[in-house]
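The structure appears below as structure tokens.
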Amino acid sequence: MTRRRSNHVGAKPAGPRLWSSIEELSGDPAFQAWVDAEYPAAAEFTPTARRQFLKLMGASFALAGLAGCEKSPFVAALPYVDQPESETIGVPRIYATAVTFDGYAQPVIATTWSGRPTKLDGNPDHPVTMGRSDVFMQAAVLGLYDPDRAQAPTRRGEPATWQDVVAAIALLRGSWSKDQGEGLHLLIGPQSSPTLLRQLDALRKQFPKAQIHLHAPAGGAARRDLMAAVYGQPLDLHYVLDDCDVVVSFDDDLLGPGANQVRNARGWAASRRRSSRQPGIRLYAAESVPAATGAMAGARLMADASRMAVLAEAFAAKLGISGAASGDLTPAEQGWIEDAAKASNAAKSRALVTSGSYGDVGTAIWVARINDALKSAVLKFSQPVTGPSDAASLGDLVADMRAGKVQTLVILDCNPAYTAPAGLGFTDALKQVRSTLHLGLQRDETGELCEWQLPLTHALESWSDARAVDGTASIIQPTIAPFYDVRSVHQIMAMLLGEIDPAADAAVRQTWRASFGGDFDARWQQALYDGFVEGALPEVSATPSGNAKSEKPAGKGLDIVFRPDPTIWDGQFSNVGWLQELPKPLTTLTWGNVVTVSPALAKRLTIANGDNLEVMIGDRSVVGPAWIMPGQAENTVSLSLGYGRKRAGRVGDGLGYDAYGVRPADQPWIAKGSLRKTGTNETLAVTQLHHRMEGFDLVREVTAAHPSLAKQETPPSLYPPWPSAKNAWGMVIDLDSCIGCNACVAACTAENNVPVVGKDQVIVGREMHWIRIARYYEGEADAPRSFFQPVPCMHCEQAPCEMGCPVHATEHNSEGVNQMVYNRCIGTRTCSSYCPYKVRRFNFLDYRAPPQSPVHAADNPDVTVRSRGVMEKCTYCTQRIESAHAAADKENRGLREGDVVTACQAACPTRAITFGDINDPDSEVSRLRRDGRHYALLEELGTRPRTTYLARWRDGGGGEG
Amino acid sequence: MTGGLIVVKHSSTGQNGMAQIFSPAADTWLRLFLLGSLAIVAGGTAGIVGFARSAYITSTDFRPSQPVPFSHRHHAGELGIDCRYCHSSVETAPRAGLPPTETCMTCHSQIWTNASMLEPVRKSLADGKPIQWTRVAKLPDYVFFRHDVHIAKGVGCETCHGRIDQMALTFRAKSFTMEFCLDCHRDPAPNLRPKDHITDMAWKPPADARATGEAIAAHEGIRAGELTHCYVCHR
Amino acid sequence: MTDQSDILPVNQSMGGVSDQLTGIPLHFPAERRWLIAMLFASLLLLMFMVSVVELFTRGVGIWGINIPVNWAFAIHNYVWWLGIGHAGTLISALLLLTQSEWRNSLNRFAETMTLFAVICAGIYPVLHLGRPWYLYWMFPYPATMNVWPQFRSPLEWDIWAVLTYLTVSFAFWYTGLIPDLAAARDRATKRGWQIFFGITSLGWRGSAAHWLRWSQAYRLTAGLAVPLVVSVHSEVSLLFAAGQIPGWHSTIFPPYFVMGAAFSGFAVVSIIAISLRSWFGLKNLVTDDHLDLLGMVLIATGLMTAYGYVFEIFDALYSGDAHELQTLADRMTGAYAWTYWGAIVFNFIPLQALWWRIVRRTGWMLMLISISVVIGMWLERYMILVTSLYRDFLVSSWSHFTPTFWDWSTYFGTIGLFLVPFLLAIRFIPMISIFETEELLHEEKEEEHG
Amino acid sequence: MAERAYGLLAEFESPEALTAAAKKAREAGYRRLDAFTPFPIEGLARTLRLPRPKISWVGLIGGCSGCGFAFLMQCFTNYDFPLNVGGRPLYAFSAFAVVMFELTILFSALSMIVAMLWQNGLPRLNYPLFAAEQFHRASKDRFFLCVGADDGKFDKDRTSGFLQELGASSVESVGR
């Protein structure tokens with residue numbers, strides 16, 4: 001993939017006068033008329049927005065996929081009027097920028113075609129991610145094209161213009177300036193943007209009495225509050241897993257979804273691969289709810305959420321920390337603690353003990369003391385990256401609103417009407433506020449209730465900045481001109497600060513002019529080119545303040561724990577189809593959330609999967625379908641946030657249940673509650689129905705004692721091998737590194753135009769993902785070991801599928817890729833029937849998005865959009881192979897290692913996927929194929945797969961030998 | 001086959017009686033009918049196979065009308081403007097690229113400045129709307145063709161686009177069927193030419209076309225035998 | 001075999017038989033019953049057409065298929081129909097070669113049944129295509145794409161096998177029909193009939209020389225038809241056996257399928273024979289002896305099919321292959337165990353009654369048993385297809401299959417597609433071979449005179 | 001009756017009678033003999049000394065050509081665009097066998113039936129005999145012996161008398 005990165009010169013990104021051939025149809029008046037009929041909203045647009053919109057529509061047609069191959073039509077072709085120097089049609093341009101998640105920057109390399117971003121990859125030079133990504137980053141591009149985004153300002157639901165907005169703000173400013181902003185309150189989600197924080201300070205300078213409140217329904221803010229309680233000051237924690245030997249986790253899903261996932265997973269995998277004779281790092285996890293961390297742990301202990309404090313204290317006692325008393329423990333707990341303690345004592349400062357962001361203070365305190373005692377050198381602290389640090393809480397705001405102290409409320413980038421704990425009664429209180437402004441991508445539940453809804457630009461179309469989890473700042477540059485009538489948050493802040501029509505990048509430049517000082521332009525260009533500005537936040541030292549004391553969660557009954565959803569998080573991604581259809585790591589559930597209960601509890605209450613359960617906390621209750629989660633602590637019930645939305649959009653509305661409805665304001669993460677069956681049940685859209693390995697050696701394991709597998713005998717073949725080309729592609733997947741995060745699936749979806757089929761089709765069993773993360777359990781249902789196994793096409797050298805096709809729609813090329821030719825496929829599905837791995841996917845119906853949907857703008861023009869009735873499957877990202885070939889051929893050279901990187905490989909946060917040329921003995925993939933842990937799936941069938949696996953380490957401890 | 005072919009039954013023969021049902025002519029007609037239908041089936045099949053290659057289906061018979069009657073004969077032929085002057089990205093990108101209006105105006109702001117036939121061009125520049133050409137050389141959506149590689153490996157423009165320099169109104173000179181592409185992908189050598197003749201419309205292969213072709217193929221490191229795989233063009 | 005001399009009652013004249021049989025099309029009895037049947041059949045056919053329209057407009061997704069079970073009703077009914085078809089050819093060809101005269105009363109409508117059953121079968125692979133409008137890509141023609149069919153694919157074999165089978169069955173059927181059409185022509189009094197039969201009989205006049213060539217061609221074609229039948233269904237079985245899927249990848253499949261085919265086919269022949277003879281009062285030609293023999297063939301083929309079942313189990317156990325055993329277990333105890341046990345019960349339990357002569361010779365009893373066999377064989381095909389696919393090698397791809405309304409409507413629709421032309425056939429052409437019956441009567445008479 | 005005669009058509013009650021008559025007729029020196037019966041009658045062909053038909057040879061040739069055609073076709077398609085299908089060899093004869101077999105049967109069967117019709121001169125909708133009064137029973141329960149007018153020994157009256165003697169229930173002169 002060509003690394004030709006570019007950046008915008010001056011404030012003018014893809015300007016309105018740019019035309020590209022993607023707009024073929026959009027120039028046609030008939031088409032425009034049709035659009036007006038189909039899409040009345042489009043008529044509302046400003047000329048610019050409208051043209052950009054038509055451009056998208058045009059794209060959707062230009063890419064409408066497999067037309068019949070009969071008489072080739074004469075279509076219109078539109079050249080530029082004034083072609084920009086940098087634009088070459090049909091050649092993607094690549095920008096370094098960033099998207100934000102939970103307030104943090106996710107540095108990305110954005111691939112754009114004719115001004116349409118279609119694919120995001122991690123920025124390989126970035127110190128934190130080093131090019132890795134997670135599902136949220138991969139799916140961000142679809143959020144940009146969300147058809148349900150707010151497209152122009154509205155006042156009480158009526159369309160308004162920005163002039164109106166400016167006028168309204170002027171009035172408000174008048175009233176604020178009277179009494180120093182008394183009664184002006186801002187409610188914002190966590191922010192790391194230096195520019196925004198600067199603007200907030202400026203605002204507070206203008207109006208000293210203005211108040212800022214922070215609301216973060218999930219994510220890093222929770223941990224920061226814990227740390228504030230433990231260390232006496234809010235802190236961000238940084239795990240240096242690269243130098244770590246032992247991790248002991250108390251309900252901390254450090255490998256799970258979240259802003260830190262990429263960094264932790266990367267470090268974890270790096271350490272894990274330190275030695276070829278044994279796993280380089282060991283993980284001891286005590287978990288209430290099964291998560292990625294527990295699945296990867298060598299020794300996993302099941303314990304209820306409310307018991308973590310006890311365990312942590314006992315662990316502390318084991319390490320001989322003063323004041324720690326070891327309570328009465330079960331044998332299992334005893335054993336686990338002993339092993340963990342032994343290991344951490346051995347590892348000393350290279351050991352790390354962690355407590356969950358969503359745990360209780362008690363656990364956090366003991367964990368802090370233990371780390372302190374261990375003098376852990378792999379735990380670092382810094383000031384919080386996201387702020388504002390001195391913000392008041394949502395609770396205070398609601399109180400003030402009730403007291404009528406709030407005249408103006410500006411809600412920025414959060415959705416309290418949906419995410420506020422029902423107990424607070426935010427929506428009622430909101431009625432007390434005279435004027436309310438909502439700044440957000442969508443006119444969501446909150447936008448509905450506010451007087452003004454001011455639509456924001458998506459990160460990919462804005463000038464902004466943000467900091468990554470380690471504090472490294474990225475300057476966010478637009479990859480596309482805003483195609484709706486929207487403004488960036490900085491522009492609106494500037495309006496609040498009194499500007500009339502602020503330029504898109506003015507505020508950002510101002511911020512960085514200050515810090516870059518002298519040679520601003522050069523450093524600015526460099527920053528845009530690199531995608532980040534060197535320099536993490538300085539380390540600070542912290543010691544737990546002894547007096548902090550632990551307290552147990554109040555009340556009796558089951559532990560009800562709340563978790564953000566692994567794919568749609570706190571609900572902000574509800575309308576992103578890719579994320580909705582992404583199977584949740586351990587349940588493989590799509591398009592909904594469940595109430596997970598332990599097998600024991602299920603037995604006790606005779607619960608079956610899908611039975612509707614009523615969860616009651618205090619006087620509130622919510623009803624959701626049950627999921628019996630093997631390995632869940634007996635008395636812990638887990639609810640996941642983010643579903644049950646009413647104003648998410650066409651994709652996200654009315655799915656699942658709303659856990660915020662029972663969430664207590666004072667105990668946001670662990671509460672006591674009860675459970676009962678409602679008697680009804682529903683069908684869950686899961687992508688994997690069976691979870692036991694049934695004694696097959698699908699996932700293999702090695703131990704430090706026997707670090708390599710018994711060599712398999714490749715069954716002989718009757719036929720002579722076909723001659724291979726210079727390159728022979730192969731893929732090796734390291735099962736020891738795969739944490740089941742689904743980043744590869746999301747990346748594949750984005751790269752290969754994999755369609756979203758919807759809940760009903762998933763229920764029938766027709767999901768289209770080209771790579772699936774198979775998830776297996778082994779052992780007892782109530783204390784199983786979990787395995788992840790990514791399964792893309794195996795590209796068998798002796799492929800059974802190819803033999804079945806009557807029309808040559810699938811066969812091999814000399815580089816060993818099992819080709820699937822959509823335009824030749826007549827849909828007999830024989831290939832899929834014969835495929836032992838069942839990796840082929842079929843377009844049973846027309847799964848393409850409706851032609852007028854802007855979602856088509858996210859399509860990769862280098863990959864065919866498949867029509868109804870054709871088979872499809874993993875192609876090893878052939879479009880990347882072929883463009884690499886083209887590039888090499890033009891330079892008249894062979895391909896080099898790293899010329900071809902598949903989407904899944906690029907995305908994988910742990911580098912579990914390696915792709916390359918197996919003819920080249922020095923290539924990474926060849927090296928791994930010689931590894932002792934190397935094996936092929938179902939090799940006994942003689943299919944000779946090109947995609948093979950590295951066995952997983954089974955590290956001792958927990959009595960598992 | 002009714003009427004004359006069927007003998008009108010005469011009353012003399014009784015209920016059980018027998019008589020000719022058909023006149024002798026009926027046999028002739030029946031045989032003709034059988035032969036005829038045979039011929040139709042055979043001819044039809046042959047016809048369809050031929051039709052698929054006909055100028056009509058491949059659209060090689062048709063000069064689409066253009067907003068501006070642009071003549072390649074005049075510009076490329078008589079004036080001898082190089083292809084790459086307008087189709088600028090042909091060497092660097094998959095697409096050759098249609099010239100932006102600006103390119104037209106580089107000359108036509110000087111000459112023929114008020115020729116009526118150039119009105120659409122001036123209009124396009126004036127109100128920033130592109131000229132709506134009708135695309136002549138169009139491949140189906142599922143074919144991924146790259147100009148740059150072909151140029152780099154010594155395939156001349158004329159090889160696929162014909163004598164553009166002799167076309168008043170541009171038309172599709174070659175039938176862009178898979179057959180057409182495969183002929184060359186299977187055996188590139190005869191269709192290769194030296195780098196400096198890529199845009200040369202009049203270039204004729206030397207007597208030892210194959211030998212020179214082989215030489216170029218070898219020099220350009222053309223991956224012979226790997227070019228007929230599906231993924232080379234279909235994704 | 002029973003003594004053939006009295007397979008037909010001797011006390012009937014050749015002429016009588018001829019009049020009786022040609023009389024059926026010429027002066028059709030039971031007009032109203034036929035119309036009712038026709039109405040019913042047409043409704044089914046209508047349902048078929050509606051289903052097909054829906055199918056082509058929305059795609060095969062209207063069926064319950066998914067990944068991994070991406071073949072279900074379409075392929076399974078294809079196999080079922082084709083199997084039924086085979087009995088016709090076997091009866092007329094095989095028994096002709098073995099000179100079992102008792103076939104003469106059955107072969108005509110058996111062959112007719114074959115013809116339309118094969119059409120029903122043949123239409124399924126077309127319907128189940130994702131993009132049926134490109135079906136022609138399966139034929140070798142000089143395309144501008146320069147791409148040819150892929151002759152290693154069992155599906156490609158299918159096309160050739162089924163089309164060959166259809167053509168040859170038709171040719172064989174028509175050749176045997178010519179003399180009877182001539183007979184009908186000579187009996188006809190209405191001009192329309194005379195022309196119809198006159199043309200269709202190609203002017204056959206029963207010359208000795210013609211008979212000589214005719215019988216040689218007819219017998220030789222029969223000789224080819226027998227291996228053809230065997231090959232066709234063996235080849236259909238390869239559609240499964242060629243895949244590596246556990247439960248399919250077995251060498252027992254070809255004979256196992258052929259036997260099953262004959263089994264189900266003879267069941268349908270019995271059903272038709274019994275209904276026709278009671279319908280048109282043909283007891284004198286389709287005698288209890290015929291039913292008796294049919295019953296014997298039925299139980300014979302049934303037992304051979306049962307052997308196939310047993311051997312399949314043995315196969316799995318003997319191979320010791322974990323996946324094969326898994327599939328075996330799934331079949332017997334899995335979500336679709338009902339198909340497995342259903343097949344066994346419907347196929348083999350009532351069948352045992354046929355050990356009693358009285359049961360074989362009683363029309364309605366044989367009828368019930370045959371119906372049960374037809375159902376049983378349908379379940380068997382279902383079992384073979386679905387139970388193998390829904391759980392194959394990788395546990396993570398295991399899934400389920402539930403037929404939708406459209407699955408069923410298409411299936412019952414094809415029954416209409418079968419009945420309508422079949423009813424038309426018995427309406428317009430002699431449904432029992434006239435000249436062969438006469439020949440048989442004549443031979444019997446000779447034996448009488450010693 | 002018509003001026004130009006086709007021949008004399010003698011009607012018999014039973015196959016035996018017909019066979020006997022045919023024998024006698026040949027002994028009497030008649031050569032242009034043909035019989036018309038509702039069903040094939042054993043020995044009649046021998047009696048009339050009809051040549052052994054060659055249908056089987058046609059079938060053999062047809063079969064071989066079908067087999068060959070299938071083989072060449074499959075080889076050619078794989079030669080014309082060689083593609084690696086699941087690592088199987090290009091010329092996978094074991095796989096080709098199926099289509100070869102099917103086409104063998106198809107060609108053979110069709111060629112034989114076509115040959116049969118061809119040699120029998122069918123279809124022939126109009127034929128002199130159809131005009132005969134009794135001929136319609138030839139497809140039912142009567143057995144006819146026909147002496148062609150082109151027979152050397154043919155003499156309308158004498159021959160008809162001769163046929164009467166052979167026990168014909170009716171003798172009819174058929175014109176062209």
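Chain letters run A, B, ... following the sequence lines, proteins first, then strands; residues in each count from 1.
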Checklist entry - Picking from C/Trp63, C/Trp148, C/Phe240, C/Trp157, which has the most non-hydrogen pairs under 4.5 angstrom with chain A? => result C/Trp148
Next on the checklist: Among A/Leu941, A/Leu698, A/Val791, A/Val839, which residue has the highest count of heavy-atom pairs closer than 4.5 Å to chain C?
Outcome noted: A/Leu941
Checklist entry - Going through the checks in order, is the side-chain contact (heavy atoms from CB on, under 4.5 Å) test met by C/Phe393 and A/Leu937? => result CA-CA 10 Å; C/Phe393 292 100; A/Leu937 194 56; over 6 Å; no
Checklist outcome for this item: Scored by heavy-atom pairs under 4.5 Å with chain C, the best of A/His691, A/Glu940, A/Arg772 is A/Arg772
Checklist entry - Taking it one step at a time, do A/Met768 and C/Ile67 satisfy side-chain contact (heavy atoms from CB on, under 4.5 Å)? => result CA-CA 9 Å; A/Met768 297 297 282; C/Ile67 306 288; over 6 Å; no
Checklist entry - Quick one: are A/Phe844 and C/Ile62 in side-chain contact, heavy atoms under 4.5 Å? => result no
Item to check | Side chains of C/Ser397 and A/Tyr837 in contact at under 4.5 Å (non-hydrogen atoms) | outcome: no
Item to check | Sidechain-backbone polar pair: A/His690 side chain, C/Ser399 backbone, donor-acceptor under 3.5 Å | outcome: no
Checklist entry - Once the angle between the rings of C/Trp398 and A/Phe696 is folded into 0 to 90°, is it parallel (under 30°), tilted (30 to 60°) or perpendicular (over 60°)? => result perpendicular
Checklist entry - Quick one: are A/Phe842 and C/Val60 in side-chain contact, heavy atoms under 4.5 Å? => result yes
Next on the checklist: Between A/Glu811 and C/Gln150, is the side-chain contact (heavy atoms from CB on, under 4.5 Å) condition met? List the steps.
Outcome noted: CA-CA 10 Å; A/Glu811 67 269 302; C/Gln150 205 276 93; over 6 Å; no
Checklist entry - So which of C/Gln326, C/His128, C/His249, C/His400 has the largest heavy-atom pair count under 4.5 angstrom toward chain A? => result C/His128
Item to check | Residue pair A/Arg775, C/Ser396: steps toward the side chain to side chain donor-acceptor pair (under 3.5 Å) verdict | outcome: CA-CA 7 Å; A/Arg775 198 257 297 94; C/Ser396 59; over 6 Å; no
Checklist entry - Hey, does the side chain of A/Arg868 reach the backbone of C/Thr57 with a donor-acceptor pair shorter than 3.5 angstrom? => result yes
Checklist entry - Are C/Gln244 and A/Thr943 close enough that some pair of their side-chain heavy atoms sits under 4.5 Å apart? => result yes
Checklist entry - Quick one: OG on A/Ser833 to CG on C/Leu155, what's the gap to the nearest 0.5 Å? => result 9.0 Å
Next on the checklist: At a 4.5 Å cut-off on heavy atoms, which part of A/Cys835 comes close to chain C: side chain, backbone, both, or neither?
Outcome noted: backbone
Checklist entry - Does A/Arg766 offer a backbone N or O that forms a donor-acceptor pair with the side chain of C/Asn66 under 3.5 Å? => result no
Checklist entry - With distance as the sole test, does C/Arg131 use its side chain to make a donor-acceptor pair with the main-chain N or O of A/Cys825 at under 3.5 Å? => result yes
Item to check | Contacting moiety of C/Leu385, where chain A heavy atoms sit under 4.5 Å | outcome: neither
